[in-house]
Student: 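Okay, handing you the structure first.
These numbers come from a predicted model, not from an experiment.
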Amino acid sequence: MDELTRRLMPDTVPSPDEGADATGEARRRALESLHVLAGVKQAVRRLEDQAAHAAAASGAGYPEIGQALNMSRQGARRRWPGLITNSTCPRTPQPTPRSL
């Protein structure tokens with residue numbers, strides 16, 4: 001994760017010969033890392049939402065979606081309430097009454 005953060009951070013660090021205060025620089029870099037990681041976290045969350053909707057549309061239920069994300073069925077249901085509906089669940093054919 002540290003490597004990903006380093007690659008995503010803009011290269012705006014002043015050179016040491018510019019006389020930057022070491023403590024201030026460390027704080028700035030730590031805060032910049034937090035900002036980058038918050039963006040990555042939001043992007044991952046959006047991708048998880050898209051994948052959960054696609055899984056539900058393909059017939060997956062809350063137990064399977066939760067398991068894929070290492071969470072309980074209840075956790076998946078709390079995160080995506082109403083994701084699994086009658087229109088997304090595979091339906092079993094209902095017997096039709098016979099005509100007399």
Student: So, for A56 and L83, which heavy atoms are closest and what is the spacing to 0.1 Å?
Tutor: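 Distance-wise, the nearest heavy atoms are CB-CG, 3.7 Å.
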Student: Are the side chain of Q42 and the backbone N or O of G39 linked by a donor-acceptor pair below 3.5 Å?
Tutor: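 Not at all, since once roles are kept as given, no pair shorter than 3.5 Å links the two residues.
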Student: Between the side chains of E25 and R28, is the shortest nitrogen-to-carboxylate-oxygen separation below 4.0 Å, so that they form an ion pair?
Tutor: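 Judged by the 4.0 Å cut-off on N to carboxylate O distance, R28 and E25 do form a salt bridge.
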Student: Using a strict 4.0 Å threshold on nitrogen-to-oxygen distance, state whether E48 and R79 make a salt bridge.
Tutor: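 Answer for the salt bridge query: yes.
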Student: Where do A60 and I84 come nearest, in terms of heavy atoms and distance?
Tutor: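 For A60 and I84, the tightest heavy-atom pair comes out as O-CD1, 3.2 Å.
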Student: Is there a donor-acceptor contact under 3.5 Å from the side chain of H53 to the main chain of D49?
Tutor: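 Indeed, once roles are kept as given, a pair shorter than 3.5 Å links the two residues.
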Student: A76 and M71: which non-hydrogen atoms are nearest, and at how many Å?
Tutor: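 Looking at all heavy atoms of both residues, the shortest contact is N-SD, 3.3 Å.
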Student: How about Q74 and Y62: do any of their side-chain heavy atoms sit closer than 4.5 Å?
Tutor: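 Heavy-atom side-chain distance check fails, nothing below 4.5 Å.
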Student: Is any side-chain heavy atom of V44 less than 4.5 Å from a side-chain heavy atom of K41?
Tutor: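 Sidechains of K41 and V44: no contact.
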Student: Find the distance between CG (L47) and CZ (R45) and round it off to the nearest 0.5 Å.
Tutor: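 Going from CG on L47 over to CZ on R45, the span is 12.0 Å.
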